[in-house]
Amino acid sequence: MIIDKIENLDKYISLNPLFADVVKFLESNDLNTLEEGKHEIKGADLFINVQANPGKKLQDAVLEFHKKMIDIQIPVSDSETFGYTPVDELPEAEFNEQKDIAKLPDVEPQTYVTLNPGQMAIFFPQDGHAPCISESDCLRKVIFKIQA
């Protein structure tokens, strides 16, 4: 997991060649004005989900992880808290290969981190994360999904 400001994403391009495309997208798009929903950037290898939903309470957040995709999660409207547990420390979970996700609703994260607008969290396949924890009535966020 990496926590940083969005403006520093270019420092991580060496970690995945598609990160350069994310930087270009961010330079030419306003995250505040993107329509909700899925926007393809490079087909299934790189796309963005724009969401606006009520935030979840700490106890309602669900740990999840992916095997094929990296998430770059960016809160846009309000602060957002994420739970975190390394995947190798999580119990066995049913994995949906088609959706590339496993959810562990009854597992409490080991730790939490709160991000403000202008910051990002990069979650790799080894990072279990519980997103969307916020007191906001309408948490607007974007999630870049990147082929690992």
Side-chain angles (χ1 to χ4, degrees), residues 1-12 15-16 18-19 21-23 25-27 29-41 44-148:
M1 173 178 67
I2 295 172
I3 305 296
D4 205 339
K5 292 182 175 184
I6 298 168
E7 64 200 46
N8 293 327
L9 180 58
D10 61 341
K11 295 178 181 2
Y12 303 100
L15 298 177
N16 185 299
L18 292 170
F19 283 14
D21 296 300
V22 175
V23 170
F25 185 90
L26 288 168
E27 290 172 347
N29 291 276
D30 181 354
L31 299 182
N32 292 296
T33 61
L34 288 174
E35 287 186 34
E36 288 183 48
K38 181 179 177 179
H39 304 267
E40 288 189 4
I41 300 170
D45 289 339
L46 173 59
F47 57 93
I48 183 174
N49 286 323
V50 180
Q51 302 175 350
N53 296 305
K56 297 178 182 179
K57 294 181 179 178
L58 199 70
Q59 65 270 20
D60 296 329
V62 176
L63 269 166
E64 62 183 54
F65 67 88
H66 316 286
K67 292 181 179 178
K68 300 175 188 170
M69 302 300 278
I70 299 166
D71 283 1
I72 299 178
Q73 300 212 16
I74 303 171
V76 176
S77 63
D78 297 286
S79 63
E80 177 180 7
T81 298
F82 296 86
Y84 171 78
T85 302
V87 168
D88 64 0
E89 296 180 27
L90 291 171
E92 291 287 321
E94 184 177 330
F95 193 84
N96 184 325
E97 294 288 342
Q98 185 177 13
K99 293 184 178 182
D100 186 43
I101 195 166
K103 293 189 176 190
L104 296 101
D106 298 322
V107 178
E108 186 175 330
Q110 288 179 358
T111 191
Y112 295 89
V113 62
T114 299
L115 302 181
N116 295 313
Q119 298 175 329
M120 65 176 179
I122 305 175
F123 296 105
F124 294 90
Q126 68 268 19
D127 300 321
H129 52 285
C132 301
I133 303 167
S134 176
E135 293 183 15
S136 176
D137 292 334
C138 187
L139 175 64
R140 181 175 173 81
K141 66 181 292 182
V142 297
I143 306 162
F144 286 91
K145 302 292 286 185
I146 302 152
Q147 186 70 39

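When a residue number appears, it is its place in the shown sequence, counting from 1.
Between Leu18 and Asp45 there is a side-chain heavy-atom pair separated by less than 4.5 Å. For the pair Ile70 and Phe19, the minimum side-chain heavy-atom distance is below 4.5 Å. The shortest distance between side-chain heavy atoms of Glu64 and Leu104 does not fall below 4.5 Å. Here the side chains of Val22 and Phe25 are not in contact, with every heavy-atom distance at 4.5 Å or above. With a 4.5 Å cut-off on side-chain heavy atoms, Leu9 and Met120 count as touching. Residues Leu90 and Phe65 form a side-chain contact, since some pair of their non-hydrogen atoms from C-beta on lies under 4.5 Å apart. Under the 4.5 Å side-chain criterion, counting only non-hydrogen atoms from C-beta, His129 is in contact with Gln73. At a threshold of 4.5 Å between non-hydrogen side-chain atoms, the residues Ile146 and Ile122 do not count as touching.
Side-chain atoms of Asn8 never come within 3.5 Å of backbone atoms of Lys11 as a donor-acceptor pair (strictly under, hydrogens ignored).
Remark: Glu97 pairs with Lys67, Lys68, Phe95 by the side-chain contact (heavy atoms from CB on, under 4.5 Å) rule, at least two apart or across chains. Qualifying side chain to side chain donor-acceptor pair (under 3.5 Å) partners for Asn53, counting only residues two or more places apart in sequence or in other chains: none. Here Val142 pairs with Leu31, Ile48, Val50, Ile74, Val76, Phe144 under the side-chain contact (heavy atoms from CB on, under 4.5 Å) rule; sequence neighbours left out. Contacts of Leu58 classified as side-chain contact (heavy atoms from CB on, under 4.5 Å), with partners at least two apart in sequence or in another chain: Tyr112, Ile133. Residues passing the side-chain contact (heavy atoms from CB on, under 4.5 Å) test with Asp30 are Asn32, Thr33, sequence neighbours excluded.
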Walk me through whether Tyr84 and Val113 qualify under side-chain contact (heavy atoms from CB on, under 4.5 Å). CA-CA 8 Å; Tyr84 171 78; Val113 62; 5.9 Å; no
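Met69 and His66 get closest at one heavy-atom pair: O-CB, 3.7 Å. Between Ala102 and Ala93, the shortest heavy-atom contact is CB-CB, 4.2 Å. When all heavy atoms of Asp78 and Ser136 are compared, the closest pair comes out as OD2-OG, 2.8 Å. In plain terms, the two heavy atoms of Leu139 and Ser79 that are nearest each other are CD1-O, 4.0 Å. Between Gln51 and Ile143 the shortest heavy-atom distance is NE2-CD1, 3.6 Å. Closest heavy-atom contact between Thr85 and Pro109: OG1-CA, 3.3 Å.
Atom CD of residue Glu7 and atom CD of residue Gln119 lie 10.0 Å apart, to the nearest 0.5 angstrom. Rounding to the nearest 0.5 Å gives a distance of 6.0 Å between CZ of Phe123 and CE of Met1. Rounding to the nearest 0.5 Å places CG of Asp127 at 7.5 Å from CZ of Phe124.
Residue pairs meeting the salt bridge (charged side-chain N to carboxylate O under 4.0 Å, His left out) criterion with at least one member in residues 134-148, sequence neighbours excluded: Asp71-Lys145, Glu80-Lys141.
Annotation for Glu108: atom CD does not count as buried by contact number, only 12 or fewer foreign heavy atoms lying within 6.0 Å. Counted within 6.0 Å of CD on Glu89, heavy atoms from surrounding residues, nucleotides or ligands total more than 12; the atom is thus considered enclosed. For Glu94, the CD atom counts as loosely surrounded, since its 6.0 Å shell holds 12 or fewer non-hydrogen atoms of other residues, nucleotides or ligands.
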